[in-house]
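Down below is the structure, laid out as structure tokens.
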Amino acid sequence: MKRTKHRLIFHLAAFGICLLSALPGADAQPRSDVIKDRDGNSYPVKIMPDNKKWMTANLNLRVPGSYCYENAEQKCGEYGRLYTWTIAQEVCRSLGEGWRLPANDEWRQLGKSFGGVRDDSDDGGKAAYQALITGGTSGFNITYGGGRDPSGNYARGGDHGFYWTATESDSAHAWFYNFGRNGKIMNRHHDGEKTEAFSVRCISDR
């Protein structure tokens, strides 16, 4: 009888531990390494040295105001879609609570973790470029998706990766980051026309 009672106490205790572990917030450590958009596309995510969670692939959610490079569907598979500035913010928010388009300073801090952007480094942005491109040591996997101008012309695909930030420089322009394959540098510019379409990575603090 005593042995049966001890077994019952053990099973009740184990059941209680299971209940506690199932409570919200009981285990705050595990973090998802993949996020999905509303079309079911999956994107790997990674906590980078700046302690922010970044997508490590370009967004490819089909919405009005987004484009495949040269209107070729296979380019979307290779580079993701290109988005105008306003739509870029909307698609990042659509991923769920906490997701957003990174600010200029967040891109700058990411670059600084690997040596710095062109105007904020000792080597002109070369080390950061090498670390952040596909095959680099960071696992960030930048690609060269090029861009689309407001007239519908495409340029620099395969040579430059242009990435929007959420930071305006004036009412018609915003900051963007530029990874140039020929110069092999990570650079930034304040004069991206908001009606241009560039690649998008999203970020989360959660």
Side-chain angles (χ1 to χ4, degrees), residues 31 33 35 43-60 69 78-85 88-89 91-92 95 98-149 154-206:
R31 289 185 164 206
D33 57 358
I35 189 168
Y43 309 95
V45 298
K46 183 176 182 179
I47 299 175
M48 300 301 290
D50 59 357
N51 291 319
K52 303 287 178 69
K53 185 188 284 187
W54 290 77
M55 292 171 50
T56 59
N58 292 352
L59 197 67
N60 194 24
Y69 188 80
E78 186 175 355
Y79 300 129
R81 299 183 76 85
L82 305 173
Y83 299 86
T84 61
W85 184 76
Q89 295 182 83
V91 289
C92 282
L95 293 176
W99 286 96
R100 55 187 169 76
L101 189 66
N104 177 24
D105 194 58
E106 288 171 318
W107 271 104
R108 187 182 70 84
Q109 290 297 334
L110 177 65
K112 205 167 184 63
S113 299
F114 299 97
V117 188
R118 181 179 183 177
D119 62 355
D120 190 24
S121 67
D122 294 329
D123 67 353
K126 292 182 179 179
Y129 168 88
Q130 292 293 347
L132 293 168
I133 60 170
T134 297
T137 56
S138 70
F140 197 64
N141 300 322
I142 285 292
T143 60
Y144 308 104
R148 179 186 186 273
D149 71 22
Y154 294 89
R156 308 294 179 87
D159 291 320
H160 286 259
F162 301 122
Y163 289 83
W164 278 125
T165 83
T167 305
E168 293 178 281
S169 49
D170 59 44
S171 61
H173 300 87
W175 286 84
F176 69 97
Y177 279 69
N178 175 8
F179 294 80
R181 193 172 198 169
N182 293 328
K184 296 185 176 6
I185 59 173
M186 179 184 184
N187 203 357
R188 61 177 178 168
H189 311 275
H190 69 279
D191 57 350
E193 292 184 51
K194 291 180 180 180
T195 49
E196 292 182 287
F198 295 149
S199 296
V200 166
R201 294 288 175 95
C202 305
I203 189 174
S204 173
D205 297 312
R206 304 172 74 83

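All values derive from a computational prediction rather than experimental measurement.
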Q. Can you list every disulfide bond (SG atoms under 2.5 Å apart) pair that touches residues 101-131, not counting sequence neighbours?
A. none

Q) NE2 of His189: more than 12 outside heavy atoms within 6.0 angstrom? A) yes

Q: Check step by step if side-chain contact (heavy atoms from CB on, under 4.5 Å) holds for Ile35 and Lys53.
A: CA-CA 11 Å; Ile35 189 168; Lys53 185 188 284 187; over 6 Å; no

Q | Test side chain to side chain contact (heavy atoms under 4.5 Å, CB included) applied to Gln89 - qualifying residues, sequence neighbours left out | A | Trp85, Arg93, Leu101, Ala166

Q: Flag the pair Arg201 / Tyr43 as yes when at least one side-chain heavy-atom distance between them is below 4.5 Å, and no otherwise.
A: no

Q) Among Tyr154, Phe162, Trp175, which one satisfies ring-ring contact (aromatic ring centres under 6.0 Å, His included) with Phe198? A) Phe162

Q.
So, using side chain to side chain contact (heavy atoms under 4.5 Å, CB included) as the criterion, who are the partners of Thr143 when residues are at least two apart?
A. Asn58, Tyr79, Thr134, Tyr163

(Q) Suppose the criterion is disulfide bond (SG atoms under 2.5 Å apart): which pairs have a residue in residues 165-206, not counting sequence neighbours? (A) Cys92-Cys202

Q: Go through the steps to decide whether Ile133 and Tyr144 satisfy the test side-chain contact (heavy atoms from CB on, under 4.5 Å), and finish with yes or no.
A: CA-CA 9 Å; Ile133 60 170; Tyr144 308 104; 3.7 Å; yes

(Q) When you compare the side chain of His173 with that of Glu193, does any pair of heavy atoms fall below 4.5 Å? (A) yes

(Q) So that I can tick it off, tell me whether Lys52 and Asp205 are bridged by a salt bridge, with the cut-off set at under 4.0 angstrom between side-chain N and carboxylate O. (A) yes

Q: Spell out, as yes or no, whether a donor-acceptor pair under 3.5 Å connects the side chain of Ser138 to the backbone of Ala131.
A: yes

Q | Under 3.5 Å: donor-acceptor pair, side chain of Lys112, backbone of Asp50 | A | no

Q. Are Tyr177 and Leu110 close enough that some pair of their side-chain heavy atoms sits under 4.5 Å apart?
A. no

Q) Is the number of heavy atoms from other residues, nucleotides or ligands under 6.0 Å of Arg100 CZ greater than 12? A) yes

Q: Using modelled atom types only, decide if a donor and an acceptor are shared between the side chain of Arg181 and the backbone of Gly158 within a distance under 3.5 Å.
A: yes

Q | Asp122, CG atom: more than 12 neighbouring heavy atoms under 6.0 Å | A | no

Q.
How about CZ on Arg118, more than 12 heavy atoms from neighbouring residues, nucleotides or ligands closer than 6.0 Å, or not?
A. no

Q.
Taking disulfide bond (SG atoms under 2.5 Å apart) as the cut-off, I'd like each qualifying pair that reaches into residues 157-188, sequence neighbours left out, listed once.
A. none

Q: Report yes if the side chains of Arg188 and Thr165 come closer than 4.5 Å at any heavy-atom pair, otherwise no.
A: no

**Q.** Residues forming a ring-ring contact (aromatic ring centres under 6.0 Å, His included) with Trp54, sequence neighbours excluded
**A.** Trp107, Phe140

Q) If you measure from the Lys or Arg side-chain nitrogens to the Asp or Glu carboxylate oxygens, is any gap between Asp105 and Arg108 under 4.0 Å? A) yes

